[in-house]
Amino acid sequence: MRRKDREIVEIEKIEAVIAEADCCHLGFYDGGEVYIVPLSFGYQRDGGQSVFYFHSAKEGRKIDLIKTSPRVGFELDTHYKINTGETACAYSARFRSIIGTGTVTMIDSPDEKEKALHALMLHTTRKDGWIFTDQMAAAVGVFKLEVEKMSCKEHL
């Protein structure tokens, strides 16, 4: 990272930024182009591994790319606001952001799928204790992103 003075390295602070974010953008490589998808998500730290969880339809371009090109880039941001100034060069932006890379895989195990759906609903609603029937879980595609690299930056 070029601006080390803006880097956040403590995992607790990084996870606070993740908790504040509403959307995770996944970038897939699809042949000669990049396909970026905004998604709601859940997050857990599992044995030192940062894992994002997502739900989706069970078919479509994103699902095809997970199967053929599972290496992805991702981005989350929050607190975006423009700082104004007297000149064009005095304008800047406030933000907190995270970028990273990892590998995405579909989740087939009913137990892991339920765990992922709980993480997703907890993040989205800030409520726990959701009930998922086998029929509900079977109707949705669920996948996870295991983070390999992640960096966090803030400019407030």
Side-chain angles (χ1 to χ4, degrees), residues 1 7-81 93-156:
M1 180 176 300
E7 184 176 24
I8 297 174
V9 295
E10 300 85 1
I11 191 63
E12 297 81 14
K13 290 182 180 178
I14 292 170
E15 289 181 339
V17 174
I18 293 168
E20 294 169 351
D22 295 319
C23 179
C24 181
H25 298 88
L26 287 186
F28 294 87
Y29 179 72
D30 187 8
E33 64 185 44
V34 176
Y35 178 62
I36 300 172
V37 184
L39 297 163
S40 56
F41 67 94
Y43 172 82
Q44 289 187 335
R45 193 140 170 88
D46 191 7
Q49 172 72 56
S50 293
V51 180
F52 289 89
Y53 295 104
F54 308 92
H55 66 80
S56 167
K58 292 176 138 186
E59 56 186 36
R61 185 176 183 186
K62 176 175 59 238
I63 301 304
D64 292 343
L65 289 170
I66 289 170
K67 294 173 183 173
T68 61
S69 187
R71 298 259 315 134
V72 298
F74 67 94
E75 185 273 346
L76 305 97
D77 59 78
T78 187
H79 294 304
Y80 188 85
K81 185 176 179 184
R94 297 183 212 184
F95 62 89
R96 288 187 177 137
S97 66
I98 296 175
I99 61 169
T101 58
T103 302
V104 178
T105 55
M106 295 302 297
I107 296 174
D108 295 319
S109 157
D111 290 340
E112 189 176 6
K113 202 175 205 185
E114 185 171 342
K115 174 184 168 182
L117 291 170
H118 278 285
L120 208 152
M121 289 303 295
L122 178 62
H123 182 83
T124 303
T125 67
R126 309 300 191 246
K127 297 177 188 174
D128 206 0
W130 296 97
I131 304 294
F132 300 99
T133 66
D134 292 343
Q135 184 180 11
M136 292 165 76
V140 67
V142 178
F143 59 99
K144 67 181 175 182
L145 162 61
E146 293 178 292
V147 174
E148 294 167 14
K149 290 185 192 176
M150 181 165 57
S151 64
C152 185
K153 183 178 181 179
E154 76 175 352
H155 181 225
L156 297 177

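The nearest pair of heavy atoms linking Phe143 to Lys62 is CZ-CD, 3.9 Å. Pairing each heavy atom of Val142 with each of Ala116, the nearest pair is CG1-CB, 3.5 Å. The two atoms that bring Tyr35 and Arg61 nearest to each other are CD1-NH1, 3.2 Å, heavy atoms only. Residues His155 and Ala93 approach most closely at ND1-O, 2.7 Å, considering heavy atoms. The two atoms that bring Ala139 and Lys58 nearest to each other are O-CD, 4.1 Å, heavy atoms only.
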**Request:** Begin from the C-alpha positions of Ser69 and Phe28 and carry the test side-chain contact (heavy atoms from CB on, under 4.5 Å) through to its verdict.
**Result:** CA-CA 7 Å; Ser69 187; Phe28 294 87; 5.8 Å; no
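The CE atom of Met136 lies 10.0 Å from the CD atom of Glu114; values are rounded to the nearest 0.5 Å. Atoms CG and OH, on Leu65 and Tyr29 in that order, are 11.5 Å from each other to the nearest 0.5 Å. Atom CG of Leu145 and atom CE of Met150 lie 9.5 Å apart (nearest 0.5 Å). With values rounded to the nearest 0.5 angstrom, Glu154 atom CD is found 11.0 Å from Ile98 atom CD1. Between Leu26 atom CG and Ile66 atom CD1 the span is 8.0 Å, to the nearest 0.5 Å. Rounded to the nearest 0.5 Å, atoms CG (Leu120) and OG1 (Thr125) are 9.5 Å apart.
Checked against ring pair (Phe, Tyr, Trp, His ring centres under 6.0 Å), His118 has the following partners two or more places apart in sequence or in another chain: Phe132. Partners of Asp46 by salt bridge (charged side-chain N to carboxylate O under 4.0 Å, His left out), not counting sequence neighbours, listed by chain and number: Lys115. For Lys67, the side chain to side chain contact (heavy atoms under 4.5 Å, CB included) partners at least two apart in sequence or on another chain are Ile63.
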Name every donor-acceptor pair, under 3.5 Å, that has one atom in a side chain of residues 101-109 and the other anywhere in the protein, sequence neighbours excluded.
residue: Thr103; atom: OG1; partner: Glu148; partner atom: OE2; Å: 2.7
residue: Ser109; atom: OG; partner: Asp111; partner atom: N; Å: 3.4
residue: Ser109; atom: OG; partner: Glu112; partner atom: N; Å: 3.3

Just distance, no hydrogens or angles: give the donor-acceptor pairs under 3.5 Å from side chains in residues 17-25, sequence neighbours left out.
residue: Glu20; atom: OE1; partner: His79; partner atom: NE2; Å: 3.0
residue: Glu20; atom: OE1; partner: Arg96; partner atom: NH1; Å: 3.2
residue: Glu20; atom: OE2; partner: Arg96; partner atom: NH1; Å: 3.3
residue: His25; atom: ND1; partner: Glu75; partner atom: OE1; Å: 3.0

For residues 37-44, tabulate all N or O donor-acceptor pairs below 3.5 Å that involve a side-chain atom, not counting sequence neighbours.
residue: Tyr43; atom: OH; partner: Glu15; partner atom: OE2; Å: 2.8
residue: Tyr43; atom: OH; partner: Ser50; partner atom: OG; Å: 2.9

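Residue-environment remark: NZ (Lys13) stays at or below the threshold of 12 foreign heavy atoms within 6.0 Å.
Test Ile8, Leu76, Thr78, Asp77 against Ser97 for side chain to side chain contact (heavy atoms under 4.5 Å, CB included) and you get one pass: Asp77.
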